[in-house]
Amino acid sequence: MSEAKRLAGEKAIDYVEDGMIVGVGTGSTVAYFIDALGRIRDRIAGAVSSSEQSTARLRALGIEVLDANAAGPLKLYVDGADECDPHKRLIKGGGAALTREKIIAEASETFVCIVDPAKQVPVLGRFPLPVEVVPMARSLVARRILALTGGQPVWRDGVVTDNGNWILDVHNLSITDPVAMETELNQIPGVVSVGLFARRPADVVIVGGEPPRVL
Ligand code: 5RP
């Protein structure tokens, strides 16, 4: 429970317009947004969800969850982050939902990222970078990441993503060029997605506080 997360999540409701299909991320900050969305559920047409976890919460509040293919382009996506730099580039995937989150971010006109102040960093990389991998490629991808970045990949043992894949968390990175690193790691066979949201950063960042700050 965090007051800053609640304040950020509730502030994001300002971006919801009547009749919208809302893209919804994953995590404890987003849970506050979903709860607030539940209070205005009659004003929206439904949601596209980034995880089974968020889908369950949305449905429990009576919000219809739509298939991303049927919904098409979205006007709004609201999601949290593990780190956010001054250019609104993000590390995401602490909740292992990065692939679906990235798909919805890409499909959305406006990406509103909701964070508590602890997520703000000058340079990305203090939080271990999540990378979703096809299970048979885990060891190959780990070797390639070590060679390319010098970071230490650690298997998030026991975690299986909603897509049936595994997660490597890459420690000890200082990501001075996030676009280049995202592009490079995306090329490794077996990488499903990289938890860097730099090629498609957030458009708006809401930092929870009293009052919330909108960047
Ligand atoms: C899930 C994510 C989350 O947005 C990120 O982990 C932040 O979570 P929280 O709001 O619980 O701090 O990327 O994959």
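Panel note: side chain S108, backbone I104; a donor-acceptor pair is recorded below 3.5 Å. R41 contributes a side-chain N or O that, together with a main-chain N or O of L61, makes up a donor-acceptor pair within less than 3.5 Å. A donor-acceptor contact shorter than 3.5 Å links the side chain of E83 to the backbone of F127. Looking only at distances, no side-chain donor or acceptor of N165 sits under 3.5 Å from a matching main-chain atom of V192.
Counting heavy-atom neighbours within 6.0 Å of R126 CZ, excluding the residue itself, gives a total of 12 or less. R6 CZ: more than 12 foreign heavy atoms inside a 6.0 Å radius.
Among residues two or more places apart in sequence or in another chain, the side-chain hydrogen bond (donor to acceptor under 3.5 Å, both in side chains) test is passed with E52 by R100.
The distance from the CD1 atom of I114 to the SG atom of C84 is 12.0 Å, given to the nearest 0.5 Å.
In terms of heavy atoms, V78 sits closest to A12 at CG1-CB, 3.8 Å. Across all non-hydrogen atoms, the minimal contact from G23 to L74 is CA-CD1, 3.9 Å. When all heavy atoms of E101 and T26 are compared, the pair lying nearest together is OE2-CB, 3.3 Å. In this structure, P130 and G94 approach most closely via the heavy-atom pair CG-N, 4.0 Å. Nearest heavy-atom pair, K92 versus L98, reported as atom, atom and distance to 0.1 Å: O-CB, 4.2 Å. Summarising the geometry of S54 relative to S49, their closest heavy-atom pair is CB-OG, 3.5 Å, with the distance given to 0.1 Å.
Under 4.0 Å is where a charged nitrogen must lie from a carboxylate oxygen, and between E182 and K102 at least one such pair does. Residues D42 and R39 are not paired through a salt bridge, judged by the lack of any N-O separation under 4.0 Å between the basic side chain and the carboxylate. Salt bridge status for K88 with D85: absent, with no side-chain N to carboxylate O gap under 4.0 Å.
Of the N and O atoms on the side chains of Q187 and R144, not one donor lies less than 3.5 Å from an acceptor on the other residue.
Listed by first and then second residue, the ring-ring contact (aromatic ring centres under 6.0 Å, His included) pairs involving residues 56-103 are Y77-F111 (not counting sequence neighbours).
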Using the side chain to side chain contact (heavy atoms under 4.5 Å, CB included) rule, take V141 and L185 through it: C-alpha gap first, then chi angles, then the decisive distance, then the call.
-> CA-CA 9 Å; V141 172; L185 298 186; over 6 Å; no

Compile the donor-acceptor pairs under 3.5 Å between side chains in residues 146-154 and protein atoms, sequence neighbours left out, one pair per line.
unit_1, atom_1, unit_2, atom_2, d
T149, OG1, I145, O, 2.7
T149, OG1, G151, N, 2.9
Q152, NE2, G150, O, 3.3

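For the pair R156 and W166, the cation-pi criterion (under 6.0 Å, within 45° of the ring axis) is not fulfilled.
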